[in-house]
Amino acid sequence: MKSLTLSKSQLPFDLNLSLSCGQIFGWKRTRNTWKGVHNGNIVTIRQKGTLIEYDGLTKPDVIRFLGISDPVSDIIKSIREHIIAYKGSPDHFFETMHSKSQGLRILRQHPWECLVSFICSANSNVSTIGKRINLILGRYGTSCTFYENTFPDPAVLSQCKEPELRECLTGYRAPYLIKTAQYIHEHPDFFQQVRKMNYHQAKDMLMILPGVGPKVADCVLLFAFEHLNAVPVDIRIRKIIEDQYASLIHTDKSGKLSYDTIGGFCREYFGPYAGYAQQYLFATRDLEKEEVTKSAELP
DNA sequence: CGCCAGGCTGTAA
DNA sequence: TTACAGCATGGC
């Protein structure tokens, strides 16, 4: 195992939280060691305090993948400043949520791997998505070690049979995966073009793909393309915003807030790191659940 | 059993 | 534009 030591400016850092908070799927944890696929490699990572031990990727790649160099202190400062500028007072709810998710980082996943994962994520829970991903890796993946696979290339996925792909628990998402794989296969420079675009252009480009709507596009932009202002609005985030921030959203129309209204509010309210703020809000519920479960199990 | 889940697509108003 | 049915299936 290779290793690196986190510097003071790189703390707090929480590997377990970052890999288990719904950004990436199919990674397996045994004790404190995580194993999963990144960028076509089987990767092993563990954290012991300020020590990160890793295998299967280079040092620059592990730093980038885990967002280790993200200026978290500046990011939280920026978020607080934008909140103050917006409503003139601190946001106690956000502070509470953030305090429970300290050490969380936005990952930088491989675009294709991230795209496949989040097309699979539609209307499913996190544990099901992980199983789905691992079934796809097992059946169609590229052989990496003698018993482990990485993500299948677009060419491979584009040619698989829909009934067979449905056996990987993909359900109605199977044709989306196949059609998107075909499109990427026929447009080999697709991700390079997306990478050159600004947030809104890149989002429109991603939404050309079958099975990719606004939410999946935002996940890919945030978790693979470093658009830290992207705000994926799923059920959980929608409820949080509606419960906590409805009074701040000027809504001339009645009825349900639109996707873009919620995302746009978050970008104005939290600023250019709204994606980080969103992930602090999103990640915290699992912690609360675990704490509740844990305390409920006490004799 | 019934509801929920990191939603998207097609159709109708 | 917005509203909604339909879609598959494991978790709980």
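Every chain is numbered from 1 and lettered A, B, ... according to where its sequence line falls, protein lines coming before strand lines. All figures in this text were calculated on a predicted structure; none of them were measured in a lab.
- By the ring-ring contact (aromatic ring centres under 6.0 Å, His included) test, A:Phe265 is found to be paired with A:Tyr86, A:Tyr245, A:Tyr269, residues two or more places apart in sequence or in another chain being considered.
- Using a 4.0 Å heavy-atom distance criterion, A:Glu167 is classed as making no nucleic acid contact.
- Between A:Phe270 and A:Tyr276, the ring center distance fails the sub-6.0 Å criterion.
- Only the P atoms considered, B:dG6 is 24 Å distant from C:dG6, to the nearest whole Å.
- Nearest-nucleotide assignment on DNA chain B puts the 5′-proximal partner with A:Ile237, out of A:Pro210 and A:Ile237.
- Spacing between atom CD1 of A:Ile119 and atom C1' of B:dG6 amounts to 14 Å, rounded to whole angstrom units.
- Cation-pi geometry between A:Arg46 and A:Tyr54 is not met: the NZ or CZ atom fails to fall both under 6.0 Å from the ring centre and inside 45° of the normal.
- Nucleotide B:dC8 holds its C1' atom 13 Å from the CD1 atom of A:Ile235, rounded to whole Å.
- Panel note: side chain A:Arg195, backbone A:Ala202; no donor-acceptor pair is recorded below 3.5 Å.
- Among the protein residues, A:Ile129 comes within range of no part of the nucleic acid, since none of its heavy atoms lies under 4.0 Å from any strand.
- To the nearest angstrom, P of B:dC8 lies 15 Å from CD1 of A:Ile208.
- In this structure, the CG atom of A:Leu115 is 15 Å from the P atom of B:dG7, given to the nearest Å.
- A:Leu107 places its CG atom 14 Å from the C1' atom of B:dG6, with the value rounded to the nearest Å.
- For the pair A:Leu209 and A:Phe118, both in contact range of DNA chain B, the more 5′-proximal nearest nucleotide belongs to A:Phe118.
- Checking side-chain atoms of A:Arg108 against main-chain N and O of A:Ile106 turns up a donor-acceptor pair under 3.5 Å.
- Under the 6.0 Å cut-off for aromatic ring centres, A:Phe25 and A:Phe118 qualify, their centroids lying closer than that.
- Whole-Å rounding puts the A:Arg236 CZ to B:dA5 C1' distance at 10 Å.
- One atom, CD of A:Gln109, and another, P of B:dG6, lie 16 Å apart when rounded to the nearest Å.
- Comparing the P positions of C:dG10 and B:dT9 gives an interatomic distance of 23 Å, to the nearest angstrom.
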Just the atom pairs and distances: protein N or O near nucleotides 6-10 of chain C's N or O, under 3.5 Å.
unit_1	atom_1	unit_2	atom_2	d
C:dA8	OP1	A:Arg166	NH1	3.4
C:dA8	OP1	A:Arg166	NH2	2.9
C:dA8	O5'	A:Arg166	NH1	3.4
C:dA8	N6	A:Asn123	ND2	3.2
C:dA8	N1	A:Asn123	ND2	3.3
C:dG10	N2	A:Asn125	ND2	3.0

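- Legend: side-chain hydrogen bond (donor to acceptor under 3.5 Å, both in side chains) pairs involving residues 171-184 of chain A, not counting sequence neighbours, sorted by first then second residue: A:Ser124-A:Arg173.
- The distance from atom OH of A:Tyr259 to atom C1' of C:dA3 is 19 Å, rounded to the nearest whole Å.
- C:dA5 and B:dC3 are spaced 15 Å apart, taking the P atom of each and rounding to whole Å.
- Note: A:Trp27 and A:Phe65 meet the aromatic proximity criterion, with ring centroids under 6.0 Å apart.
- A:Ile24 comes within contact range of no nucleotide atom at all, as no heavy-atom separation falls under 4.0 Å.
- Backbone-only contact: A:Val216 has heavy atoms under 4.0 Å from sugar-phosphate atoms and none from a base.
- A close approach under 4.0 Å does not occur between any side-chain nitrogen or oxygen of A:Lys239 and OP1 or OP2 of B:dC4.
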